[in-house]
Amino acid sequence: MYTDVIKGLVFDMDGLLFDSERVVQQSWNYAGNLLGFGNLGEHIYHTIGMNRGGREIYFREHVDADFPMERFNEVTRARYYEILKQTGIPMKPGAKELLRAAKEKGLRIALATSSSRDHAEAMLARYDLAQFFDGCVCGDMVTRSKPDPEIYEKACRLIDVPSQYAVALEDAPSGVRSAAAAGMRVIVVPDLVEPSEEILALAWKRCDSLTDVIGMI
């Protein structure tokens with residue numbers, strides 16, 4: 001059971017720190033059409049929070065048994081970074097301010113993202129956020145993707161904060177389930193998917209933006 005004391009924050013990344021899920025959706029549509037599968041962007045609603053392995057299983061079950069996942073990943077990645085270079089990807093309101101406030105309070109801070117390590121590190125470096133994090137656990141560093149609690153359990157161990165003293169910040173249902181199963185308090189800040197009553201029951205708080213979280217820490 002968690003306590004009233006907060007010693008650490010663990011952040012999701014896509015859809016939470018960055019308004020990136022919509023760009024991923026565009027990239028999936030682009031790659032799907034290029035590879036002859038049509039628009040695939042709608043599938044993002046069913047795969048938010050999954051790592052590469054989880055997405056591959058999903059696409060082979062719901063799109064095509066022989067879906068060319070490796071080629072799809074290559075095309076979507078190239079398209080994503082093309083959009084990033086051309087227009088940038090907005091940081092979510094309050095993201096940097098919350099990270100700065102948490103650091104000033106001496107809280108330990110980790111990232112727990114289903115994205116690959118190279119992508120996560122590139123995004124944090126590009127937006128000058130790496131300085132705030134004491135550790136990162138990425139999708140290619142775990143064997144089981146969200147909603148399994150593995151990634152949040154590892155993140156808490158990495159920053160040496162027991163789960164009952166840590167708060168997770170998530171936008172996606174699978175992430176809320178993952179953090180809650182790890183024994184953490186969860187603040188849900190919805191992005192593409194509005195949380196159901198089931199998800200809200202698992203969450204500690206629901207906020208409209210990261211700005212609203214600053215006063216809670």
Answer whether the closest heavy-atom distance between the side chains of D140 and R52 falls below 4.5 Å.
no
Are any of the side-chain heavy atoms of R55 and M69 separated by less than 4.5 Å?
yes
Under a 4.0 Å N-O cut-off, is there an ion pair linking R71 with E74?
yes
Between M123 and W28, is there a shared hydrophobic cluster once you connect ILVMFWY residues whose side-chain heavy atoms come closer than 4.5 Å?
yes
Rounded to the nearest 0.5 Å, how far does CD of E121 lie from CG of L111?
10.0 Å
Just verifying a value: how many Å separate R108 CZ and C156 SG, rounded to the nearest 0.5 Å?
12.0 Å
Under a single-linkage definition using a 4.5 Å side-chain heavy-atom cutoff for Ile, Leu, Val, Met, Phe, Trp and Tyr, are V5 and V186 assigned to the same hydrophobic cluster?
no
Inspect the surroundings of CZ in R117 and state if more than 12 heavy atoms from other residues, nucleotides or ligands are less than 6.0 Å away.
no
Could you check, using the six-membered ring where one of them is a Trp, whether Y81 and H119 have ring centers closer than 6.0 angstrom?
yes
Would you call R206-D208 a salt bridge at under 4.0 Å N-O?
yes
side-chain hydrogen bond (donor to acceptor under 3.5 Å, both in side chains) between E97 and T211, worked out
CA-CA 7 Å; E97 292 81 0; T211 303; 5.7 Å; no
Find out whether C136 and M13 are in side-chain contact, i.e. whether some heavy atom of one side chain is under 4.5 Å from a heavy atom of the other.
no
Backbone of I109 reached by a side-chain donor or acceptor of K103 within 3.5 Å
no
If two hydrophobic side chains count as joined below 4.5 Å and joins carry through other members, does I187 share a cluster with V176?
no
Is the number of heavy atoms from other residues, nucleotides or ligands under 6.0 Å of Q131 CD greater than 12?
yes
Would you say D160 has more than 12 foreign heavy atoms packed within less than 6.0 Å of its CG?
no
Give the minimum heavy-atom separation between A31 and V75, together with the two atoms involved.
CB-CG1, 3.6 Å
Measure the OG1-CG distance between T76 and L40 for me, rounded to the nearest 0.5 Å.
10.0 Å
Taking R144 first and then E153, would you say they form a salt bridge - that is, a charged N and a carboxylate O separated by under 4.0 Å?
no
To the nearest 0.5 Å, tell me how far H62 NE2 sits from H43 NE2.
9.0 Å
Shortest non-hydrogen separation from L17 to M91 and the atoms involved
O-CG, 3.4 Å
Salt-bridge test for R185 and D4: reply yes if a basic N is under 4.0 Å from a carboxylate O, no otherwise.
no
Identify whether NZ of Lys or CZ of Arg in K7 sits under 6.0 Å from the centre of the six-membered ring of Y165 and within 45° of that ring's axis.
yes
Any idea which heavy atoms bring V137 and L158 closest together, and the distance?
CG2-CD2, 4.0 Å
For a 4.5 angstrom cut-off between non-hydrogen side-chain atoms, does V193 reach I199?
no
Nearest heavy-atom approach of S114 to I151 is N-CD1, 4.4 Å
Closest approach of G32 to F72 (non-hydrogen atoms, all atoms of both residues):
N-CE1, 4.1 Å
I want to check something: taking the side chain as every heavy atom from C-beta on, are L84 and V23 in contact at a cut-off of under 4.5 Å?
no
Please report the shortest heavy-atom distance between D12 and T113, naming the atom on each side.
OD1-CA, 4.1 Å
Test item: R22 and L192 side chains (from C-beta on) under 4.5 Å apart, heavy atoms:
yes
Are the aromatic ring centres of Y127 and F18 under 6.0 angstrom apart?
yes
Tell me whether K92 is salt-bridged to D191, with the criterion being a basic N under 4.0 Å from an acidic carboxylate O.
yes
Does the D134 side chain pair with the main chain of A110, one donor and one acceptor, at a distance under 3.5 Å?
no
Min side-chain heavy-atom separation V189-D212 under 4.5 Å:
no
Do K205 and M216 touch side chain to side chain, with heavy atoms closer than 4.5 Å?
yes
Might you work through the side-chain contact (heavy atoms from CB on, under 4.5 Å) test for M184 and W204, ending with a clear yes or no?
CA-CA 9 Å; M184 303 172 68; W204 178 48; over 6 Å; no
Are I83 and Y30 co-members of a hydrophobic cluster defined by side-chain heavy atoms under 4.5 Å apart?
no
I217 and L98: side-chain contact (heavy atoms from CB on, under 4.5 Å), yes or no, with the steps?
CA-CA 9 Å; I217 63 169; L98 174 57; 3.8 Å; yes
What class does the angle between the rings of F67 and F37 fall in, given that below 30° is parallel, 30 to 60° is tilted and above 60° is perpendicular?
tilted
Between the main-chain N or O of M141 and the side-chain N or O of K154, is there a donor-acceptor pair closer than 3.5 Å?
yes
Here the gap from L99 atom CG to L9 atom CG, rounded to the nearest 0.5 Å, amounts to 8.0 Å
Are L16 and V188 connected, step by step, through hydrophobic side chains (Ile, Leu, Val, Met, Phe, Trp, Tyr) whose heavy atoms are closer than 4.5 Å?
no
Rounded to the nearest 0.5 Å, what separates atom CG in N39 from atom CG in N29?
4.0 Å
